[in-house]
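These notes concern the structure reproduced below.
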Amino acid sequence: MKYTLSVPIPTSQVVEICLEIYCDTRELLSLQLPSWRPGRYEIANYAQYLKNLVVIGPDGAIATEKLTKDRWAFTSTSSGTYCVRYAFHAAQLDAGGSWVSPDTFYINFINLAFSVSGREDEPIDLQVILPETYRIGCALQQVGGQLFQAGNYQELVDSPLLASAQLEHRSYRLGGSTFHLWVEGKVCFDWDEVLDHFERFTHKQVEDFGEFPASDYHFLLLLLPFPHYHGVEHRFSTVITLGPDSLLGSSTGMDRLMGICSHELYHFWNVCRIRPRAIAPYDFSREAYLTEGLVAEGVTTYMGDFYLLKSGYYSPQTYLSKLETLFDRGFETLGWENQSIAASSFDLWLDGYKAGVPDKKVSIYTHGALLSLALDLMLLIKGTGLHQAMKIMWTKYGKPEVGYGLEDYLDVLCELSENPGQMEEFFKEYVWGTGNLFPLLESLLPTIGITVRPVKKENRLESEFGLKTASDGKIIRIHPKSPAFHQLMLQDLILSYKFTDSGLRLSLRRWGEKKEVVLPQSGQAYFVSYRIQITESSELFETFVRR
């Protein structure tokens, strides 16, 4: 089986594809295009970007039948090689899409490669037809200039490819593994400094898991001139789209780069190998409902930042500022009152990656990271830690490639804890339930020498009246426990406002009609920020870091 990809007119952003398959006489071939991709649990319908599918066999063109929105079938007329020809519009510039232009060739094969039913385990050759000046970054085995080979379909669609004439490459070694950095875009950072940071956080992650079972790993970095932040994990690589590129010359930009790269490398173990049962193995033709978002993304978000602290990239104060941001985002909504993280994970297929209904759900990333912080602190009190729990998960489920469930994760935590009942109660209250996590975190953080406290935001509309507005004055958030929730609507346009001794006077426009609203002063703080500080003695925090 062989795929050949070319871009005759780069400005069209259309990739011409030929899939060659040898067929026996009267063989029925069923071609399934993925409906979604790893790391993004929502239907993407990649078939919407495909056009002009035809099948040419030894006897000429033959009829195809479209069975579903993304499944086709044909029957061979005689033995020989058949070419499935089609075009794909590659104009999605993020870490999970595909993008071609006169300067760049970037393909996620999960977007455009067919799974041939019953023949998914056959090796696949991949030929890309590109200018000779192009360099190519890809985790697939390169068997000749622009010719690659995948062991099977899953390996192909889990190995994105990035190529251009300007593609820069650097690498570092750790043990028996080589880590490659491929960069497309404007480089505004110091390469030696970046490689040193990468090597340090890589070393700490490998050290805690005990091994890195791969000879090569590839960071495919697509740096963009506009604001952007996205990463996707793969078994032997990750794609990261990040911008603006000019910001990478500053500490703020470098923090963003290190944060996303540490996160995605942690996925090498967690998700790419330590997989929830629902995606072990992947079936890209339909939804795969999972409740394990706490582990898949919550643990990864928490541990990605922790390894930047542990490796020395983050100073203690920088790390605490990241925790403050995590608290701000995690507790900004009251979604935790209405839906557990397990239920929010299951519902990723509904609304997991958009704002959705206000205060309906929690984020498996931010809330999951806060839960992971709590679990880490609970284990630390007993002399263990979350990194040890994940090493056990690696040994029990990752290495043998056995899918796990939330109950299995709980069993591992109970195994490490001196008080299994406490862990079971935690899961009942905060993972399967909708308990308020903040008081627990507030009580646990002093065990590592830090304290957290809510503080009023300087913006009085937010803190005193529970209103968040866009720059044009439109209301974008209303705290559900504020008086404003009973009088104002999202998208109301505030024309003017005035604070009074008793409250707030608002002049606003709703659907073209002007309204006057008076909100009482309640004395409560609605939207707040969080301040996290090291106590007088930093010894406990240093112990937390040195684990």
Side-chain angles (χ1 to χ4, degrees), residues 1-23 29-37 44-58 60-74 76 80-93 96-102 104-117 119-120 122-131 134 136 138-140 142-150 152-164 239 284-285:
M1 198 177 305
K2 181 179 181 180
Y3 273 97
T4 301
L5 276 65
S6 62
V7 188
I9 308 173
T11 52
S12 72
Q13 299 196 284
V14 172
V15 183
E16 297 290 345
I17 304 165
C18 175
L19 167 59
E20 297 174 78
I21 315 172
Y22 183 85
C23 301
L29 272 292
S30 181
L31 308 173
Q32 175 70 58
L33 197 69
S35 292
W36 60 281
R37 64 166 177 79
N45 287 326
Y46 296 118
Q48 66 186 297
Y49 307 112
L50 183 152
K51 61 181 182 179
N52 300 335
L53 186 145
V54 296
V55 178
I56 310 295
I62 62 172
T64 62
E65 181 182 4
K66 191 169 185 179
L67 305 176
T68 69
K69 60 185 172 59
D70 44 28
R71 191 176 186 91
W72 288 257
F74 70 91
S76 60
T81 298
Y82 287 72
C83 179
V84 181
R85 294 187 179 276
Y86 57 102
F88 185 88
H89 190 236
Q92 182 179 332
L93 190 52
S98 295
W99 172 273
V100 296
S101 69
T104 306
F105 183 83
Y106 158 53
I107 298 294
N108 265 290
F109 295 99
I110 192 73
N111 301 163
L112 52 75
F114 284 110
S115 169
V116 183
S117 298
R119 299 176 65 169
E120 294 90 349
E122 291 185 17
I124 300 172
D125 288 335
L126 169 67
Q127 178 75 61
V128 290
I129 300 174
L130 298 170
Y134 273 37
I136 302 174
C138 185
L140 291 175
Q142 194 166 7
V143 293
Q146 297 181 349
L147 180 64
F148 297 80
Q149 189 171 71
N152 52 41
Y153 177 75
Q154 289 281 342
E155 184 180 353
L156 174 68
V157 297
D158 207 15
S159 304
L161 182 149
L162 176 62
S164 81
V239 176
F284 301 119
S285 67

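Below, all heavy atoms of this structure are taken into account, side chains as well, without hydrogens, waters or symmetry copies. Please read these numbers as outputs of a predicted model, since none were measured by experiment. Counting begins at 1 with the first residue of the sequence.
No donor-acceptor pair under 3.5 Å is formed between the side chain of Gln154 and the backbone N or O of Val157. Put simply, the side chain of Glu20 never gets that close to the backbone of Met1: no donor and acceptor are under 3.5 Å apart. A distance-only check finds no donor-acceptor pair linking the side chain of Gln32 to the backbone of Ser117 [under 3.5 Å]. Checked by atom type and distance alone, the side chain of Tyr46 never pairs as donor or acceptor with a backbone atom of Asp70 at under 3.5 Å. Checked by atom type and distance alone, the side chain of Glu122 never pairs as donor or acceptor with a backbone atom of Arg119 at under 3.5 Å. With hydrogens and angles ignored, the 3.5 Å screen pairs no side-chain donor or acceptor of Gln13 with any backbone N or O of Ser101. Side chain of Asn108 to backbone of Ile110: no donor-acceptor contact under 3.5 angstrom is found.
Contact of the Lys69 side chain with the Ser35 side chain is registered, since non-hydrogen atoms from C-beta on lie closer than 4.5 Å. Contact of the Phe88 side chain with the Ile107 side chain is not registered, since no non-hydrogen atoms from C-beta on lie closer than 4.5 Å. With a 4.5 Å cut-off on side-chain heavy atoms, Leu130 and Leu5 do not count as touching. Residues Pro102 and Thr11 have side chains in contact (heavy-atom distance under 4.5 Å, counting atoms from C-beta outward). Between Leu161 and Ile136, the closest side-chain pair of non-hydrogen atoms falls below 4.5 Å. Counting heavy atoms from C-beta on, the side chains of Leu156 and Phe148 never come closer than 4.5 Å. Looking at heavy atoms from C-beta onward, Leu29 lies in side-chain contact with Val116 at the 4.5 angstrom threshold.
Within 6.0 Å of atom CZ in Arg85, 12 or fewer heavy atoms from other residues, nucleotides or ligands are found, so the atom counts as exposed in its surroundings. Lys51 NZ: 12 or fewer foreign heavy atoms inside a 6.0 Å radius.
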> Passes side chain to side chain contact (heavy atoms under 4.5 Å, CB included), Phe284 versus Ser115? Steps please.
Replying inline: CA-CA 9 Å; Phe284 301 119; Ser115 169; over 6 Å; no

>> Quick one, Phe109 with Leu126, criterion side chain to side chain contact (heavy atoms under 4.5 Å, CB included). Give me CA distance, side-chain angles, the key distance, then yes/no.
In response: CA-CA 11 Å; Phe109 295 99; Leu126 169 67; 3.3 Å; yes

>> side chain to side chain contact (heavy atoms under 4.5 Å, CB included), that's the test. Do Leu93 and Thr104 meet it? Break it down for me.
In response: CA-CA 11 Å; Leu93 190 52; Thr104 306; over 6 Å; no

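Atom CD of Glu65 is separated from atom CH2 of Trp72 by 12.5 Å, given to the nearest 0.5 angstrom. The distance from the CG atom of Leu50 to the CG atom of Asn45 is 12.5 Å, given to the nearest 0.5 Å. Residue Leu19 holds its CG atom at 4.0 Å from OH of Tyr3, rounded to the nearest 0.5 Å. For the atom pair OG of Ser98 and CZ of Phe105, the computed distance is 8.5 Å after rounding to the nearest 0.5 Å.
Checked against salt bridge (Lys or Arg N to Asp or Glu O under 4.0 Å), Glu120 has no partners two or more places apart in sequence or in another chain. Applying the side-chain hydrogen bond (donor to acceptor under 3.5 Å, both in side chains) criterion to Ser285, with sequence neighbours excluded, gives Asp283.
Minimum heavy-atom separation, Ala113 to Tyr153: O-OH, 2.8 Å. When every heavy atom of Ala90 is checked against every heavy atom of Val15, the shortest pair comes out as CB-CG2, 3.9 Å. Minimum interatomic distance between Ser159 and Cys138 (heavy atoms only, all atoms of both residues): O-SG, 3.7 Å. Here the closest heavy-atom approach between residue Val14 and residue Val7 is recorded as O-CG1, 3.5 Å.
The aromatic ring centres of Phe114 and Tyr86 sit less than 6.0 Å apart.
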